[in-house]
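One structure is given here, and the rest of the page talks about it.
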2 protein chains.
Amino acid sequence: MATQPMATGRPATIHDIAALCGVAASTVSRALANPERVNIRTRERIQAAAVELNYTPNSQAKALSSGRTGAVGVLVPDITNPFYFDLIRGTQLQLKAAGYTQLLVDTEESDEVEASTLEQLRKSADGVIVAASRLNDEALAAAAARMPMVTVNRDVDGVPAVIIDTPSAMPQALDHLISLGHTSVAYVSGPAVSQSSARRWIALSEAAEERRVAVRSIGPFAPKTQSGAAAADAAVHSGVTACIVFNDLIAIGMLQRLRERGLRVPEDMSIVGCDDIFGADFCNPPLTTMSSPIEQAGRVAVSMLLAQLNPLAGGGNRSRSVMPTHLTVRGSTGPVPTN
Amino acid sequence: MATQPMATGRPATIHDIAALCGVAASTVSRALANPERVNIRTRERIQAAAVELNYTPNSQAKALSSGRTGAVGVLVPDITNPFYFDLIRGTQLQLKAAGYTQLLVDTEESDEVEASTLEQLRKSADGVIVAASRLNDEALAAAAARMPMVTVNRDVDGVPAVIIDTPSAMPQALDHLISLGHTSVAYVSGPAVSQSSARRWIALSEAAEERRVAVRSIGPFAPKTQSGAAAADAAVHSGVTACIVFNDLIAIGMLQRLRERGLRVPEDMSIVGCDDIFGADFCNPPLTTMSSPIEQAGRVAVSMLLAQLNPLAGGGNRSRSVMPTHLTVRGSTGPVPTN
DNA sequence: CAGCGCATGGCAATCGGTTGTCAAGAGCGT
DNA sequence: ACGCTCTTGACAACCGATTGCCATGCGCTG
């Protein structure tokens, strides 16, 4: 009645296996974890019993005694932002392949939620991947000191990072616009606390200076399509003929708003987005934007984190990985208006 | 050296609190879990100490001893399908509000992945929410017998379900098309194992019969934009003037393909989607589709699951909840071609 | 004042593993 | 044949909490 090896009973434990094989539970544990430390005959008996009882280890108990949870937290500011889809899918696939579980958390664009999530994850995950952190450098570095971490699109001293190098495509985007005759360009910026937005603006303004073209920054705007209306109005008011926009979400919102106002894209205004998210290719007009292998970024982030967790395994610990980016030209950019 | 109440040491445990207050660990546990079972003075001392030491309970240990994990699994077939964004956000918000952690898993449209995930979750979660299951009724019922479960868009005997009642909008959609003069309509079906797709087809064909209109089914097609090309070609070949499509992903793909082929929507072909996903309002032309409060569906699913987990709490256990759906008319439907 | 009951809090077992320690036994060389 | 080393597996402590059981001590009642 105490231990019942029925298939439909409660899940089997190592004790059930031990009883079935006539060995101690600790031997079962070793046979499964360090097979070479156990006699091959015993081991095979144990493994057979494990299969027979349909044994799967209890992850809670394993975590408690070993200190390793087998879980990795993935923090994104907004799970409904399509930019993160591919990232999440990349991390999920790579984590699963390595036998880890992904704990996905939406931090709701809030530094407080992010901080408390990190604190909680400290005990329930072996490491974290933090995408587009809203935390300041100090808080993020402190959190990274407490548990293995990899950031995405965020540089902090001592914290390994995967950087999606959108800034490197800024000169391409600007050249594209210049070749179409534009000389007055606005950067539509994202959240004030977004390092991505800051880096994109710096890259753009440097490129503009080299090329002796005027660019101004407007914003900040929240990274949502709804913000696109205000952004579009601000852009129109500023008198520019082209916008490079922090991300595609805002850019798509601008497309909609400009249409409402009776302005044509690209005839009256050219729009360049960033990220090439789901929807950028089928909006109206299709969006000229900057593309990156986002899913791969997720995979790389996981690899870097796992390298931290198992320092023994091969592959030197890269501390920074840069994903290439390129301009994808579609229909939202065109010649400067001639009026 | 053993216990050090420093802020930066390892996380505080109930033993640290017990030592600081001069009580037993079990008393601390009670003071925190069943405050009324402990003297108010003692309790307050303990609570103060807990705050001072920045105590947060170890969820693994709690799970191990109590049997409750405080986690709920959420299974979706494809995390990059925008349909699930709002659902996921709804479950996430509601679970967080109830103090639960969400374990999100992408089952990759595979019944095997889904089954093994469910088996694993059995030990690491208190319950699961399964959206658009690819499992057969038998397997799903078996899994539901082993752990609390709520399904989304899937009816299985004895398993509580949230149904997004898209079928109820099928007559509306058909009437809309008929009023525009269409008499030859195709249903573009989704995965063969999708109960949603089957239900939509049944509702549509019944409505068509009542109205004495011909509808045919083409497909099945995978629920991805890429499938839209084949679907569009099949629709054109079948000679219909309008399509009602299993979901917006395929519908958007069809829009793109029809444009490539030089066919105009809605002048040459009308398209109706399902789900009103992200992108349906800004594709070209904007998609006529069927809308539902998806985020609310997620919240309701969580409520139903929590009602199973804590039967004591108020709110009778509804076993089936139906979310209303309505037709949202946009630009992808128009009068039947007059040639 | 005796006796009863209840509020309180301590002890210890338990959850399911991991891991350090140690004894027993096998196999080897001399 | 003796003794050494190395392999093997058992024992038990431990991870951090929960929880049933029990002892203490208080206040109340008769």
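Letters go in sequence order (proteins before strands), and every chain restarts at 1. Only heavy atoms go into these numbers, but all of them, side chains included; no hydrogens, no water, no symmetry mates.
Distance, A:Asn34 CG to D:dT8 P: 13 Å, rounded to whole Å. In this structure, A:Leu53 places its CG atom 14 Å from P of C:dG16, rounding to the nearest Å. Distance, A:Arg41 CZ to C:dA26 P: 14 Å, rounded to whole Å. Atoms CG (A:Asn39) and C1' (D:dT8) sit 8 Å apart, rounded to a whole Å. As a whole-Å value, the separation of B:Leu32 CG from C:dG9 P is 14 Å. Between the CD1 atom of A:Ile14 and the P atom of D:dC11 there is a distance of 14 Å, given to the nearest Å. Distance CD1 (A:Ile17) to P (C:dT18): 11 Å, rounded to an integer number of Å. Summarising the geometry, the separation between CD on B:Gln60 and C1' on C:dG17 is reported as 12 Å, rounded to the nearest angstrom.
Donor-acceptor pairing under 3.5 Å, judged by distance alone, is present between the side chain of A:Ser26 and the base of D:dC11. If you check distances only, the side chain of A:Arg30 does reach the base of C:dG20 with a donor-acceptor pair under 3.5 Å.
For B:Thr42 and C:dG9, the shortest distance from a side-chain N or O to OP1 or OP2 is below 4.0 Å. Side-chain N/O atoms of A:Thr13 include none lying less than 4.0 angstrom from OP1 or OP2 on C:dC15.
If you check every strand for non-hydrogen atoms under 4.0 Å, A:Val28 touches nothing. Looking at heavy-atom distances under 4.0 Å, B:Arg68 makes contact with sugar-phosphate atoms alone, never a base.
The OG1 atom of B:Thr80 sits 4.5 Å away from the CZ atom of A:Arg89 when rounded to the nearest 0.5 Å.
The listed nucleotides are C:dG9, C:dG17, D:dA17; the one nearest the side chain of B:Pro57 is D:dA17. Side-chain proximity of A:Leu64 to the nucleotides D:dA10, D:dG16, C:dG9 is greatest for D:dG16. With distances taken from any side-chain atom of A:Lys62 to the nucleotides D:dG9, C:dG17, D:dA17, the minimum falls on C:dG17.
With respect to A:Arg134, the salt bridge (Lys or Arg N to Asp or Glu O under 4.0 Å) criterion is satisfied by exactly one of A:Glu112, A:Glu109, A:Glu108, A:Glu114: A:Glu109. Only one option out of A:Val38, A:Asn34, A:Ile40 pairs with A:Glu36 in a side-chain contact (heavy atoms from CB on, under 4.5 Å); it is A:Asn34.
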Derivation and outcome, side chain to side chain donor-acceptor pair (under 3.5 Å), residues B:Thr56 and A:Gln120: CA-CA 8 Å; B:Thr56 43; A:Gln120 192 202 323; over 6 Å; no
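Remark: side-chain polar atoms of B:Arg299 are not paired, donor with acceptor, to backbone N or O of B:Leu93 under 3.5 angstrom.
Map B:Arg37 and B:Lys123 each onto its nearest nucleotide of DNA chain C; the residue landing nearer the 5' end is B:Arg37.
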